*Asks:* 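What follows is a structure written as structure tokens; I'll ask about it next.
First the proteins, then the strands, lettered A, B, ... as listed; each starts at 1. As the structure is a computational prediction, the values presented were derived from the model and not from experiment.
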Amino acid sequence: MLKILQIALKDLRLAFRDRSALILMLAAPLALTIGLGIVTGRFSGGGNTSGVSDIPVAVLNQDDGQLGSSLVTLLGGSQLGGLLKPITPTTVAEARALVDADKVAAAIIIPPGFSRGILPSGPDGALDAPVTIELRNSPGRPLGASIAQSVVEEFINRVDAIRASEDVTVRRLIGAGLLQPADAEAYAHGIAQRASTTSAVTVRVTSADAKPLAPFDPLAVLAPGMALLFLMYAVTRGAATVLGERTAGTLQRILVSPTSVFQALSGKMLGIFFIAVSQLTLLIVGCGLLFQLRWGDPLAVAALIATTALAATGWGALLAAIARTPAQAGSAGTALMLAFGVLGGNFGSNVPLPSALSALGAITPNRWGMNGFEQLAAGGNLTGIGTNLAALCLMAVVTLGIATLVFRRTSTTR
Amino acid sequence: MPDILETHGLVKRYGERSAVSDLSFSIGEGEIFSLLGPNGAGKTTTISMLSTLIAPSGGDATIAGHSIIRDAQAVRRAIGVVPQEIALYDDLTARENLVFWGQMQGLSGSRLRQRIEAVLAQIGLADRAGQRVKTYSGGMKRRVNIGVGLLHEPRLLFMDEPTVGIDPQSRRAILDTVKDLNRQGMTVLYTTHYMEEAAELSHRIGIVDHGRMIALGTLDALTRAHGEGESLRLRVGDDQNGPALAQAIGRLPGAHGAASLDGEVTAMVTSASDILPGVIAAASAAGIRIRNIDIQEPNLEAVFLRLTGRALRD
Ligand SMILES: Nc1ncnc2c1ncn2[C@@H]1O[C@H](COP(=O)(O)OP(=O)(O)OP(=O)(O)O)[C@@H](O)[C@H]1O
Ligand SMILES: [Mg+2]
């Protein structure tokens, strides 16, 4: 057991001494995460300098009052610097259809009586029943959808803030551009009657597949995606070192010492696992600190890292058992890394897959790992990713089992 | 001397070809035994079988009383191996390499540290031990390669052509190290295709060719039995027809054999002074210019030539 550990630690040390391996294991995924983060506008503080603009949204205003048109003006106006590009459907069905067809990132449906639900109207200053804005998201455009959602929510926050405060004045409402002076008198009357702290308006967020959308940070998907992509690099490099040690004669040298074939190969596999765990941990923790991402429950994250690394190690072992030369392992490894990256969805949802290929993604550690990190970042816990952990463990058992059989056959026919 | 190694009809076949055929010899405790043979003679194959790395196709051998087939683990504990190709981790320092290989031999703690310092002193690399092996010269790498085999103070050390491709100074240092180790009681199985090395180091020498042991004994016994007379070495240069000259000399009375290799013709003769006029006449008749003539006492090269009709690469 001690020798297995010694061989593994030697390989871990060698991996961190190998400059080109370090570049591909750590620097490349980090650089790609940052690069893709810039492209998606993650680092552009406020304003709209990010290059993200003209996000198509469908805005249907069924309100005949002041607030509805204020919201429409805000969505399409210069205040947002052209961030959104509203189009105006005529019916609710049409608005929803635009989302479902992925023509727009979101549909914002302002219900009839929107203004009257918030602002008292008529001489009696009565309020209608609370109203609900429907915001329908396209899951295919998480970034655009979340931007549209945050704009609407911001608008409602402003209305609420003004409405709920004790000393609300008409002037402030007018100043905020929410009220025409002509309506001021009626409003003032109504507000005195009803100083409620509850919001009179809610946003009901739906998405085209009817799932609520969590607050979205593109890096929360990009960072694990890139980490998992290059995790496969780390394990296939490890596989190549198994064959490399045979070519270099160091494996033979281990085998003429009092060390068994089983110990030598187990040590190599444990070494790959160590390297995989270190790489994933450094990237996940590093990106978390660097970009202030919250991965969720640390215990669950640790369990996910360990099982993903184990499943990836299994694939590395299989590659080492089947390949004949280090060069073969290297090129097959690169192919495996890219194929798994695509199948596992590591390049983000920008690369849609035919459903047959998408199903094939289930054999990749990338897919299960990716999905696990997404779940955890969205607030999931250990039991929530139970299926992922089980699938990854099963994958490790199967791949390591086959690799052991192949190794056993080749080592007896030498 | 009790035998630490005995082989009985060792065979290694690769398909139709035999790399090693029916090899039987023994090495006494405390001996330096050399296997001398040209490229492809089967030296490395023999060492690989004896060090349990590859399984023999036939025959067996015992090392320190343990069969290489049935008791590989016990054999491995008794032996140290210095492989022909340098087998080290380039990205580790010499000291880190020694730590790892010591661990593989089961050493640890203060014993490991103490052995590493001793080995570094022995191979003369104590001052560079903290640098990565990839920054070393070929000779330095060879010395670390040897040091790894010495860490656990094996009873029997296999050294497979440890001086190939290095400068004369490093070669000298390595030969002295081997003699030193032997004086301290280590038994050494040394392979080489340099007859001078075999002659200088060995208590006994086995000459191998095409996987077979064709002669075995002390240097004296071998040269007495197979190398009667003198040997003549003629430098003719690569541009001259060496093989033609060798053939012509072989036909002269008093010649026991002649061969040409790399612009040099070697001939086994009864008496050099008697045959020289005939050699020179044969050369000028064939239009071959001789640049240098060297007359040597009977030696291993002559023995090899006598036994195989070919020259041993030098
Ligand atoms: N794995 C193998 N498969 C097939 N043939 C082999 C194998 N290993 C060695 N041989 C052959 O066996 C013969 C002996 O090779 P070996 O390496 O033992 O020679 P050697 O005496 O060590 O030569 P050198 O001085 O070049 O190191 C050679 O003809 C070689 O081609
Ligand atoms: Mg050899």
*Asks:* Regarding A/R13 and the six-membered ring of B/F100, is the cationic atom NZ or CZ under 6.0 Å from the ring centre and inside 45° of its axis?
*Replies:*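 No cation-pi geometry.
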*Asks:* Which region of B/N97, side chain (C-beta onward) or backbone (N, CA, C, O), has a non-hydrogen atom less than 4.5 Å from a non-hydrogen atom of chain A, or is it both or neither?
*Replies:* neither
*Asks:* Looking at every heavy atom in both A/A240 and A/A329, which two are closest together, and how far apart are they?
*Replies:* CA-CB, 3.9 Å
*Asks:* Please classify the contact of B/Q103 with chain A as side chain, backbone, both or neither, using a heavy-atom distance under 4.5 Å.
*Replies:* both
*Asks:* Below 4.5 Å, heavy-atom pairs only: which of A/T250, A/L251, A/L255 has the largest tally toward chain B?
*Replies:*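 Maximum pair count with chain B is reached by A/T250.
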*Asks:* Heavy-atom pairs under 4.5 Å with chain A are the metric here; pick the option from B/A74, B/P83, B/A87 that has the most.
*Replies:*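 Top option by heavy-atom pairs under 4.5 Å: B/A87.
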*Asks:* For B/V148, which atoms come within 4.5 Å of any heavy atom of chain A: side chain, backbone, both, or neither?
*Replies:*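 Interface part for B/V148: both.
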*Asks:* Which residue out of A/A248, A/S260, A/G249, A/S257 racks up the most heavy-atom pairs below 4.5 Å with chain B?
*Replies:*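 With the most close heavy-atom pairs to chain B, the winner is A/S257.
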*Asks:* Please name the residue in the list B/E117, B/R111, B/R113 that meets the side-chain contact (heavy atoms from CB on, under 4.5 Å) test with B/R115.
*Replies:*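 Filter result, single survivor: B/R111.
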*Asks:* Could you check B/T44, B/T45, B/V208 and say which one makes a side-chain contact (heavy atoms from CB on, under 4.5 Å) with B/V20?
*Replies:* B/T45
*Asks:* Looking at B/R132 and B/E96, is any side-chain nitrogen of the basic one under 4.0 Å from a carboxylate oxygen of the acidic one?
*Replies:* no
*Asks:* At a heavy-atom separation under 4.5 Å, does A/E245 approach chain B through its side chain, its backbone, both, or neither?
*Replies:* side chain
*Asks:* Go through the atoms of A/L9 and report whether side chain, backbone, both or neither lie under 4.5 Å from a heavy atom of chain B.
*Replies:* neither
*Asks:* Can B/R155 and B/T187 be counted as having a side-chain donor-acceptor contact under 3.5 angstrom?
*Replies:* no
*Asks:* Before accepting this row, confirm whether a basic side-chain N of the pair B/D91/B/K134 lies closer than 4.0 Å to the acidic partner's carboxylate O.
*Replies:*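 Here B/D91 pairs with B/K134 in a salt bridge, since their nearest N and O are under 4.0 Å apart.
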*Asks:* Please classify the contact between A/K10 and chain B as side chain, backbone, both or neither, with a heavy-atom cut-off of under 4.5 Å.
*Replies:*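 Contact with chain B: side chain only.
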*Asks:* Which atoms of B/L88 are under 4.5 Å from chain A, going by heavy atoms: the side chain, the backbone, both sets, or neither?
*Replies:*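 Interface part for B/L88: both.
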